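Notes to accompany the following structure.
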Amino acid sequence: MMIKRITVRRIVDKLVASLALLSVIIAIIPLAGVIIFVTSKGLPAINLEIFTSLPRPPDEIGGGIGNAIQGTLILIGLASMVGLPIGVLSGIYLAEYGNNRFGSLVRFIADTLSGVPSIIMGLFAYVVVVLATRSFSAISGGIALGIMMIPVITRTTEESIKLVPNTIREASMALGVRRWKTIVLIVVSAARSGIITGIMLSIARIAGETAPLLFTAFGSDLWATGLNQPISALPLVIYRYAISPYASWQAQAWGAAFILVSMVLILNIGVRLIARGKYRR
Amino acid sequence: MIDRASLYDMKIEDLQPLEEAGVVEKEKIRIRGLNVWFSKKQVLQDLNFGIMNNSITAIMGPSGCGKTTFIRALNRMNDLIDTCRTKGEVLLDGVNIYGNGVDVFELRKRVGMVFQKPNPFPKSIFENVAFGLRVHNMANGQRLKEEVEQALREAVLWDEVKDRLNESALRLSGGQQQRLCIARALAVKPEVILFDEPCSALDPTATAKVEDLIRRLGENYTVVIVTHNMQQAARVSDMTAFLYLGKLVEYGSTRDIFTNPRNELTEKYITGRFG
């Protein structure tokens, strides 16, 4: 009887473990599939010219998407200028001072904001910036993407700051260090890698956004000359080239997709290396 | 010299001339009518006693008697708790730290604290000690290095860490971490150091080292140590206060408290009949 029961337990144990493993494999398949697909289709399109040249008409040989790479980098930079300070500071506020009604309200708004479809963000930037300035522009695209970054950064910053043990806050305060200095020098520094992960997540998310750029950054076939001008971006190029009937453009769309995925990956790995806590156990 | 403890009912104003004349020991801290509440619950009730200069005072008592609340009242760490309300006076060198115009951050510089569990910052060993000095602009460059070394030497940690100052403080053992926390507190040159059960998370060997250190610190600093370990109080302290249910039951020289307690409750506690 006893032995039998143990056997049953062992079988159930194995069964649950294999089910979990199976789910992991199923989850990895599409992920790996995307990377393999994008690499195998995109890699052949990669050459020096694709990085350095401007787009050419589909019937001409060659050409590149250098301006889209440049545009995406500029847009990420602009978006970070909007989303980073606001997101990180709101996260700090929520974690350190947000234990009240107002805090809950902000948290609710942030959660709602992160659920708003990205095209609505584009519409918002269109109405507020594009209509006001009477021009599609890099700035309007950056603002649309920046707003999308805010809730992600806010909540991850808040969560990672809350994970910092209260005892080291107290240690700092007991040395006579003022609260804001304690927050900046001890708490944020201790939560650094979590905060940076949040920032990376948000950048990875917005780098591939197409919808908010459709009527803000708009796209362009030229190198960017000013932030108040329409600007190209990798997702826009992928969208435009992928639905075109020309084989040369479609190949370049795969190339652009490969570049975009690689950019996000490299950015992730790089920042993770930098942010890796120097002072771990 | 008259035993200060025997005069603990006397008013501080009447004692000061005696202190100045050198007839009684100098008092560093005087607690007058100290009451502390958390929300509606009163945790400390009308405490009145003095803490001698450059001596070690143990605060002893069973769990929940208000020991920690008391010690955190001495550097106003209780202020960080929203529901906490304090009434009464704590005089540090004759000045009420709860009075108007007292800079609580200056106060905490003068009254350092070491906590129950070692809580080093997730920074290097050097940066842990240097942190307070940097923030308070007390030293930089070569001076900073010297001050850090001095604090680590004072905490009897220097020889163990001098070759690995840039390593993470979290890699140290528990006892070393606690001594690092002591060095961190010493670095900003406090006058009083509060220890809140500093050995409760340490093994016996590390405890012995920290106790040795505390005894040595008692020569140059005013030390207040909370403990629920009676042997520790007996080993380390010059004076002992016994708290029970938020009230001061007995206060006197450690020798008297342990050999000849005046109060029945104290006697019961130190003979292990409750607590």
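Worth saying up front: this structure is predicted, and the values here are computed from it rather than measured. No hydrogens, no waters, no symmetry mates; every other heavy atom, side chains included, goes into these values. Chain naming here is simple, since letters A, B, ... match the order of the sequence lines and numbering starts at 1 in each.
- When every heavy atom of A/Ala171 is checked against every heavy atom of B/Phe115, the shortest pair comes out as CA-CE1, 3.8 Å.
- Residues B/His136 and A/Gly176 share a closest heavy-atom pair of CE1-O, 3.1 Å.
- The two atoms that bring B/Asn75 and A/Ala174 nearest to each other are ND2-CB, 4.4 Å, heavy atoms only.
- Residue B/Pro190: no heavy atom, backbone or side chain, is found under 4.5 Å from chain A.
- Contact of the A/Ile186 side chain with the B/Phe131 side chain is registered, since non-hydrogen atoms from C-beta on lie closer than 4.5 Å.
- The NZ atom of B/Lys123 sits 6.5 Å away from atom CG of A/Leu185, with the distance rounded to the nearest 0.5 Å.
- Within a 6.0 Å sphere centred on CZ of A/Phe102, other residues, nucleotides and ligands contribute 12 heavy atoms or fewer.
- More than 12 non-hydrogen atoms from other residues, nucleotides or ligands lie less than 6.0 angstrom from CG of B/Asp212.
- At a 4.5 Å heavy-atom cutoff, the contact between B/Val111 and chain A is made by backbone atoms alone.
- Heavy atoms of A/Ser189 lying under 4.5 Å from chain B belong exclusively to its side chain.
- Within a 6.0 Å radius of CZ in A/Phe124, no more than 12 heavy atoms belonging to other residues, nucleotides or ligands are found.
- Judged by distance alone, with hydrogens and angles left aside, the side-chain atoms of B/Asn119 form a donor-acceptor pair with the main-chain N or O of A/Thr167 at under 3.5 Å.
- With a threshold of 4.5 angstrom between heavy atoms, A/Arg169 does not approach chain B through any atom at all.
- Within the 4.5 angstrom heavy-atom criterion, only side-chain atoms of B/Val188, from C-beta onward, approach chain A.
- In this structure, chain A has a heavy atom under 4.5 Å from the side chain of B/Asp103, while its backbone stays farther away.
- Looking only at side-chain heavy atoms (C-beta outward), B/Arg76 and A/Met173 stay at 4.5 Å or farther from each other.
- For A/Lys162, the NZ atom sits in a packed shell: over 12 heavy atoms of surrounding residues, nucleotides or ligands are nearer than 6.0 Å.
- Heavy-atom contacts from other residues, nucleotides or ligands closer than 6.0 Å to CG of B/Asn96 number more than 12.
- Considering only heavy atoms from C-beta on, A/Leu175 comes within 4.5 Å of B/Arg184 through its side chain.
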